[in-house]
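Just below is one structure, and these are the notes that go with it.
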Amino acid sequence: MATSPYDVAVVGAGPAGLAAAAAALAGGARVALIDAGRQPGGQYWRHRPGDLGAVADLHHDLGAFRALVAGVAGAVRYFGQHVWNVSGSAADGFAVLTAETEVAARSLVLAPGAYDRQVPFRSWDLPGVYTAGGAQALLKGNEVLVGRRVVVGGTGPFLLPVAAGLAARGAHVAGVYEANAPAGWARHTAAVLPVAAKLTEGAGYAAALARHRVPFHSRRAVVAAHGEQAVEAVTVAKLDREWRIVPGSERIVECDAVAVGWGFTPQLELPLALGVATRVDADGSLVVEVDERQRTSVPGVYVAGEACGVGGAPLAVAEGEIAGTAAVAAPVPARLRRRRRALRRFAAAMHAVHPVRDGWQSWLGDDTLVCRCEEVTAGEVRAAVDDLGATDARTAKLLSRAGMGWCQGRVCGYATACLTASASGSATVSALDLQGVSERPIAVPISLGRLAGDAGHTGQQ
Amino acid sequence: MSAAFEFDGRDIAFTEGQTVGAALVAAGVRSWRTTRREGRPRGVFCGIGICFDCLVTIDDVPNQRACLVPADADSIVRSQEGDGRGHLAV
Ligand SMILES: Cc1cc2nc3c(=O)[nH]c(=O)nc-3n(C[C@H](O)[C@H](O)[C@H](O)COP(=O)(O)OP(=O)(O)OC[C@H]3O[C@@H](n4cnc5c(N)ncnc54)[C@H](O)[C@@H]3O)c2cc1C
Ligand code: FES
């Protein structure tokens with residue numbers, strides 16, 4: 001049954017959504033706060049139900065988190081509810097649909113966050129290979145180590161807290177393999193200095209890694225996994241500037257778990273369902289286009305956090321506060337706008353230092369899986385272009401079935417778009433290609449009963 | 001406080017608030033499903049409900065994401081072969 005309309009419905013109770021809800025409440029609005037998770041915090045402040053005392057050592061900015069949780073005390077919470085569709089307009093009001101409820105609101109703040117971006121490598125589907133965020137989620141959310149001897153790889157500053165957390169809880173981290181050369185930061189001091197706290201955080205992790213004797217290797221990547229029923233070792237290799245393997249540099253590293261991440265992919269199903277304008281960000285991700293007040297191209301719809309550009313939790317909080325303030329038509333303080341600008345510049349520098357180069361495609365054999373759900377190989381994706389004539393990612397997906405399985409292309413969409421662009425000779429992946437692998441009819445699989453309007457029949461969450 | 005659920009005839013210990021998938025990983029169980037085409041083993045990959053690698057049968061309901069479902073001492077958890085596409089409307 002639909003609720004009577006809230007002034008603002010906020011989807012997502014991570015750093016961005018919490019800040020948005022708190023700001024809207026402070027502006028006197030009636031606010032609904034909706035999240036699939038059972039407690040607030042999103043990915044950054046992930047913890048088990050209850051307080052985060054037990055994992056406090058793995059967290060940052062807990063003071064800010066507690067203040068935000070106190071700030072959203074006046075919101076009506078819809079937790080443990082996955083939103084599968086949003087619809088409506090500023091004129092007619094919006095409807096947020098979960099398996100259990102329909103939340104009505106005059107304006108919307110969408111803060112759905114992101115998930116780990118992946119590129120495939122040989123045998124990456126072996127159990128024991130995890131996304132970097134997945135390893136972090138098991139640790140922060142469950143206090144479980146993914147393995148005893150772990151290799152961490154990919155690119156981006158996020159690899160550091162993952163490795164440091166694993167080491168702090170007793171895993172032997174066999175090495176961090178960063179495909180880029182973080183020394184590149186030196187070129188971006190103008191962007192970095194105004195938010196130097198972010199860098200100090202990085203230095204803290206570097207010290208933690210040194211303390212635990214975790215070797216850090218730049219310009220190296222995990223290019224293959226090995227094992228029968230689960231991962232037993234990986235091949236790491238030195239990369240050239242284009243990320244092709246430097247011949248003869250391959251080395252086998254034994255491990256019982258691997259955590260890999262190549263930046264993040266924003267979750268755009270809900271914003272796309274409302275038809276908001278998008279753009280391709282500096283990191284190659286499709287993101288929602290917003291103005292200085294976090295307004296999208298659709299009146300009444302605001303987006304904050306990773307969904308409008310991956311930039312980390314402090315930026316998500318700043319954007320959330322702006323969105324929540326703007327959603328109640330209050331003036332956005334200049335200090336907030338300045339903070340957002342500084343953190344956005346920092347994010348741009350981060351993306352410039354941690355790009356994903358096309359050379360990863362040369363690590364794959366024809367038989368390397370790209371789509372883990374439908375078990376579609378790199379050879380089959382390339383054949384969709386070379387033999388069947390696909391020239392865009394959506395057609396390649398339809399012909400090869402890459403991205404047509406359970407996860408609806410969330411895991412392989414980026415790789416499929418890149419492989420299609422390369423095979424068809426385009427220099428870059430277009431927004432249209434990314435949109436072709438990001439649009440999904442519904443944001444989460446639910447039962448046919450719910451689709452048919454039978455609200456008593458709740459689906460799989 | 002520690003409790004346990006049943007998984008393929010054995011006990012898997014968990015602590016309050018852990019998911020089924022996390023408890024399995026902690027117990028050293030790394031896969032509990034095989035794929036349809038190649039029969040490849042699968043367990044947790046993304047850990048946050050995105051990838052659907054971790055599908056498992058809980059109390060006779062197949063295709064539940066082990067990384068999201070809270071562990072419960074009353075549950076009977078079973079590994080899965082292939083996938084039960086018909087059970088999930090996507
Ligand atoms: C697995 C993972 C772990 C991470 N861990 C860290 C870390 O330890 N340190 C760090 O600095 N950064 C981490 N990050 C990066 C993280 O994206 C940001 O730092 C930060 O959490 C972004 O804040 P946000 O509010 O934009 O999104 P998030 O924190 O991702 O919050 C989004 C929220 O929206 C909810 N949501 C999304 N879609 C729906 C829907 N359809 N229905 C209902 N609810 C929905 C989610 O459940 C989530 O709680 C992690 C990212 C991932 C993917
Ligand atoms: S591990 Fe990806 S959905 Fe559970």
Side-chain angles (χ1 to χ4, degrees), chain A residues 36-39 43 46-50 82 115-116 118 124-131 133-139 141-147 228-231 256-257 265 267 369 372-376 405-408 410-411 440-442 444-451 459-461, chain B residues 1 12-58 61-71 79-80 82-90:
Chain A
R38 288 169 288 156
Q39 55 278 320
Q43 304 301 350
R46 179 181 282 275
H47 60 288
R48 294 198 212 189
H82 207 127
Y115 47 84
D116 290 83
Q118 291 300 319
W124 69 307
D125 66 318
L126 277 173
V129 177
Y130 298 90
T131 67
Q136 188 78 335
L138 282 169
L139 196 61
N142 297 273
E143 290 174 76
V144 169
L145 286 167
V146 286
E228 282 297 318
Q229 289 300 305
V231 66
D256 62 359
T265 297
Q267 307 224 51
L369 278 194
R372 304 161 66 95
C373 301
E374 292 293 292
E375 296 171 87
V376 181
W406 295 102
C407 88
Q408 300 184 287
R410 286 178 179 86
V411 177
R440 295 174 186 99
I442 47 178
V444 68
I446 54 144
S447 74
L448 282 176
R450 183 66 184 83
L451 266 186
Q460 189 196 339
Q461 302 261 328
Chain B
M1 200 199 64
I12 302 288
F14 67 91
T15 55
E16 184 67 30
Q18 280 181 335
T19 64
V20 167
L24 286 168
V25 170
V29 181
R30 296 205 275 176
S31 65
W32 44 84
R33 173 170 85 89
T34 53
T35 60
R36 217 161 19 122
R37 191 165 145 186
E38 304 281 344
R40 300 271 293 168
R42 291 280 193 272
V44 166
F45 177 59
C46 76
I48 58 165
I50 293 294
C51 75
F52 291 77
D53 264 16
C54 66
L55 298 178
V56 72
T57 300
I58 302 174
V61 182
N63 300 327
Q64 307 215 46
R65 282 170 283 176
C67 70
L68 296 184
V69 180
S79 50
Q80 289 190 189
D83 68 25
R85 171 169 298 277
H87 295 280
L88 185 69
V90 238

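Every chain is numbered from 1 and lettered A, B, ... according to where its sequence line falls, protein lines coming before strand lines.
- Considering every non-hydrogen atom in both A:Cys373 and B:Cys51, the closest pair reads SG-O, 4.0 Å.
- With chain B as partner, the option from A:Leu138, A:Asp256, A:Asp116, A:Val146 having the largest number of non-hydrogen pairs under 4.5 angstrom is A:Asp256.
- Remark: B:Arg65 fails to qualify as a cation-pi partner of A:Trp406 under the 6.0 Å distance and 45° angle criteria applied to the six-membered ring.
- Side-chain atoms of A:Gln39 come within 3.5 Å of backbone N or O of A:His47 as a donor-acceptor pair.
- With chain A as the partner, the residue from B:Gly47, B:Gly49, B:Cys46 showing the most heavy-atom pairs under 4.5 Å is B:Cys46.
- Residues B:Thr15 and A:Arg48 meet the side-chain proximity criterion, which asks for heavy atoms closer than 4.5 Å.
- Salt-bridge formation is not detected for the pair B:Arg36/A:Glu375: no Lys NZ or Arg NE/NH1/NH2 atom is positioned less than 4.0 Å from an Asp or Glu carboxylate oxygen.
- For A:Val129, the parts lying near chain B are the backbone and the side chain together; criterion is any non-hydrogen pair under 4.5 Å.
- For a residue to count as touching a neighbouring chain, one of its non-hydrogen atoms must lie under 4.5 Å from one of that chain's; by this rule A:Gln118 touches chain B with the side chain only.
- Interface residue A:Leu145: only backbone heavy atoms are found under 4.5 Å from chain B.
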